[in-house]
Amino acid sequence: MEKSKNYGGQLVFGLDIGTRSIVGTVGYKDGERFIVVAQKVKEHDTRAMLDGQIHDIERVGETIAHVKEALEQEIGRRLVEVCIAAAGRVLETVTSHADIEYEEEHLVTKEDIYTLDSIAVEKAYELFLKENENGQKFYCVGNSVICYYLNDFHISNLENHKARKIGVDLIATFLPDEVVDGLNKAVELAGLQVANMTLEPIAAIQVAIPERYRLLNIALVDVGAGTSDISITRDGSIIAYGMIPKAGDCLTEQIALHCLTDFQAAEAIKKDAGRSDVIGFEDIMGLRQTIETSEINQLLEPVLEEMTTQVADQIRELNGGKPVSAVFVVGGGGKVNGYTQKLADKLGIQPERVAIRGAEVMQKIEFSDPAIEKDSLLVTPIGICLNFYEQDNNFVFVSFNGQKVKLYDNKHLTVTDAAIQAKFPNDGFFPKRGKELEFTVDGKKRIVRGEAGEGAVITLNGKAANIHSAIKKDDIIEVEESTAGQPARMEIRELPEFRSTLLLEINGRQMVLPKFASVNGVLQSEYYEIQDKDTIEFLNYYTVEQILTFMDLSIQEARSYYVNNAVADLGTRVYENFSVRIEEQAIAAREESPTETRVEEPGQEEGIKRQENSLKAPQSRQLVVVVNQSPVVLRGKEKYIFVDVFDYISFDLSKPQGAIVTTLNGKPAQFMEELHDGDILEIYWRTI
C-alpha cells in the first residue's frame with residue numbers, strides 16, 4: 001500500500017465482495033484507532049454472485065473496478081493492492097476421531113497430543129476427499145478439538161496422564177482452491193493485486209469480538225445476503241468456522257413472492273419494514289400497493305424459524321455439542337425483527353445474550369465522512385482492512401519434497417501441515433513395523449508383531465527438523481520417508497506350548513515325552529518357521545508308531561503292543577498317563593505248565609487264555625501270585641512288577657468305573673513295585 005503525506009498512516013484498501021454488493025473501504029491505523037477516509041458501495045447489476053460465491057468473474061471484476069475508481073477519485077491516490085476475504089459459504093467442515101494405543105501404560109506428552117491431533121486432521125482430510133470426489137483441491141485452514149479421551153473416557157487435558165489409549169474428536173475446516181483463484185482473478189481484472197486474504201468470519205471477528213473477549217465462549221453470526229457465516233471463540237482464539245446457505249436473500253425472496261414484485265423492490269420493502277408501520281410499493285403490474293409491517297413480520301416468521309434453527313444447530317456442532325455463552329450478530333439479515341429473539345430461544349440462552357453488534361464494537365473506528373453511520377453492515381468490510389495489520393491469514397507457498405504447496409497461514413504452520421497438503425502419508429513420519437504374523441495355537445489367535453523400522457529424516461532449509469518445526473513462506477522441506485522393520489518371524493520351538501509334555505508309562509517305566517506340533521494337519525519339527533494364517537496344534541497323544549520312533553526302535557512284525565493292557569497296533573493313540581507295553585514274541589512254542597491253575601472268577605477266561613498264549617523267553621522264570629483270591633502264573637520274564645498282572649487278568653483300564661485300588665500283601669501298592677512268589681494282590685474299582 002502506498003503512503004500519502006495527506007494522511008496519518010499507511011493506507012489500506014479492503015474489499016468486501018458480497019452476494020448483493022461490493023463494499024470498498026480505505027483507511028489507516030493511528031495507534032489503537034482505525035480512520036476510514038473513504039468508503040464506497042456498489043450493488044451487482046446482475047446475479048454475478050450467488051450465496052457468496054462468484055459465478056461471473058468478469059462481471060464481478062467490472063464492479064470491483066467501479067468501486068476502486070470511485071475510491072481513487074475521492075482519496076486522490078491510485079490503488080494497487082487490496083485486502084479481500086473468502087466467504088463462509090465455501091468453507092467445509094469435517095468431524096473426525098483418532099486413537100493411539102500403547103502396548104503398556106504410557107505417560108502422555110505434548111508430542112503425543114500433537115501426533116494424535118495430526119492423525120485426526122489427516123483422517124478428516126481423507127473423509128473430506130471421499131465425500132468430495134470431484135478432483136477439486138482443498139486446503140485445511142484450521143481445526144478445533146471437540147473432546148479428548150483417556151482410556152475411552154472424556155478428559156479436558158491429556159498431558160502428563162498415564163494411559164493405554166488416548167483419543168480425540170476434532171473438527172477440521174477446508175477451503176477450495178477454485179474460490180481463491182476466482183477471487184484473485186476478479187481483482188486482477190480490476191487492475192489490483194491481492195495484498196492479504198482472510199476469511200469473512202475472521203474479518204468480522206476482528207471488529208465484533210475484541211481480543212479481550214475471546215477467552216469467552218462466544219459465537220459471531222454474520223447474516224449476509226446469501227450466507228450466514230459463523231465463527232466461535234474460546235480460550236483466546238477462534239476455534240471453529242461454519243456457515244449455512246440461508247440469509248437475507250431468503251427473506252427478500254419470500255417478500256417478492258408474496259407482494260408480486262421484483263427482487264430489488266422486495267429488498268426495499270424489507271429494509272423499510274423496520275422504519276414505518278405501512279410500506280408502499282409498486283408490483284410487477286405497475287399497480288401501487290401497501291403492506292403493513294406486522295404482515296411482513298408474520299410472512300417472514302417461517303423463514304426466520306428455519307434460519308435460526310439451522311444457525312443454532314451449526315453453533316452447537318462447532319462448539320462441541322453445546323450452546324455458547326453469548327452470540328454477536330452482524331450483517332443486514334440479522335436486523336430483521338425477531339431474529340435475535342428466535343436464535344436465543346433455539347440455543348436456550350437468555351435473550352439479552354444474543355445481540356446485534358454495530359456501533360457498540362466500533363468505538364475505535366472513526367469515519368472522515370460524518371454522514372456514514374456506524375452499523376452492523378460495516379463490521380466485515382472494516383475487519384478486512386484491520387486484518388491486513390495482523391498478517392496471519394495469508395496463503396503462502398513452501399516446497400515439500402520438490403512439490404510447490406500452497407498453505408493457509410494461520411500463524412501456526414508446521415512441517416505436518418505442509419505434509420498433509422502435499423498428501424504425504426502420516427505414517428510416513430513414524431517408524432513402521434514389519435508385517436505381523438498371525439496364526440492360531442490350539443484354537444487361540446496369536447499375533448507376533450514385526451520389528452520397528454527407522455523414523456523419517458526431516459530437513460528444513462537444509463537443517464535437521466521434526467514434524468513440529470514451524471514453517472514460513474518459501475521454506476524448503478525435505479522428508480525421507482520412514483522405513484518398515486523386518487517382518488515377524490518365529491519357529492515352533494519359540495512357542496511356550498513347545499515345552500508341554502505327556503507323561504506315559506512304557507514297559508513299566510514312567511517317561512516324559514514332548515508333545516508333537518501339527519501345522520495345518522502335518523507334523524512339523526521344532527525348527528519349522530511359522531507362516532501367516534497357520535493353524536498349529538500341540539497333540540495331546542502319541543501313536544504307538546510315534547513312540548517307537550521317539551525311542552529309536554524299529555518297526556518289526558515280531559513285536560506285540562499293548563495300551564492299558566489291551567492289544568494295540570501301530571496307529572493306536574496313547575494319551576496322558578496311559579501305559580504301553582512292547583514285547584518281543586518268542587521263537588519257540590511255550591511249554592505247558594502242569595501246575596497252572598485256572599482262575600474260576602467269572603470274566604477271567606480271557607486273561608487265562610492270554611496266559612496260555614504267552615511264550616517263555618530265554619532265561620525267564622515262572623512266578624505264582626494270588627490276584628483277587630485266585631492264583632495267577634506269570635511267565636516269560638526274568639523279573640515281574642505289579643503292572644504285569646494286567647496281562648493275565650480281565651480288568652479293563654480303558655473304561656474307568658471309579659478310582660482304582662491296588663494293594664500288595666495288604667498295603668497300598670504302586671504299578672512299578674516288584675512282585676515275588678506267593679504275593680497277594682487286590683485290584684478293584686472304588687466308587688467315588
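Qualifying side-chain contact (heavy atoms from CB on, under 4.5 Å) partners for Q421, counting only residues two or more places apart in sequence or in other chains: Y125, K137, Y139, V405, L407. Contacts of A186 classified as side-chain contact (heavy atoms from CB on, under 4.5 Å), with partners at least two apart in sequence or in another chain: I54, I57, V60, I64. Shown here are the side-chain contact (heavy atoms from CB on, under 4.5 Å) partners of T308, two or more places apart in sequence or in another chain: Y339, K342, L343, K346.
For E58, the CD atom sits in a loose shell: 12 or fewer heavy atoms of surrounding residues, nucleotides or ligands are nearer than 6.0 Å.
Looking at every heavy atom in both residues, G226 comes nearest to A247 through C-CB, 3.8 Å.
Contact of the I458 side chain with the V415 side chain is registered, since non-hydrogen atoms from C-beta on lie closer than 4.5 Å. Here the side chains of V221 and V327 are in contact, with some heavy-atom distance below 4.5 Å.
Between the side chains of T380 and D222, a donor-acceptor pair is found at a separation under 3.5 Å.
Here the straight-line distance linking atom SG of C250 with atom CE of M307 works out to 6.5 Å at 0.5 Å rounding.
Here the side chain of H44 pairs a donor or acceptor atom with the backbone of G18 at under 3.5 angstrom. Put simply, the side chain of D475 gets close to the backbone of K472: a donor and an acceptor are under 3.5 Å apart. With N401 contributing its side chain and V479 its backbone, the two residues share a donor-acceptor pair below 3.5 Å.
Between E72 and K68 there is a salt bridge, with a side-chain nitrogen of the basic residue lying less than 4.0 Å from a carboxylate oxygen of the acidic one. Ionic pairing of E267 and K270 is present here: one or more N-O contacts between side-chain nitrogen and carboxylate oxygen are shorter than 4.0 angstrom. Salt bridge K246/D249: absent, no basic N to carboxylate O contact under 4.0 Å.
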Under the ring-ring contact (aromatic ring centres under 6.0 Å, His included) criterion, do F429 and F424 qualify, and how do the steps go? CA-CA 9 Å; F429 285 117; F424 184 82; 5.1 Å; yes

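For K29 and F34, the positive end is not near the middle of the six-membered ring at less than 6.0 Å and at most 45° from its axis.
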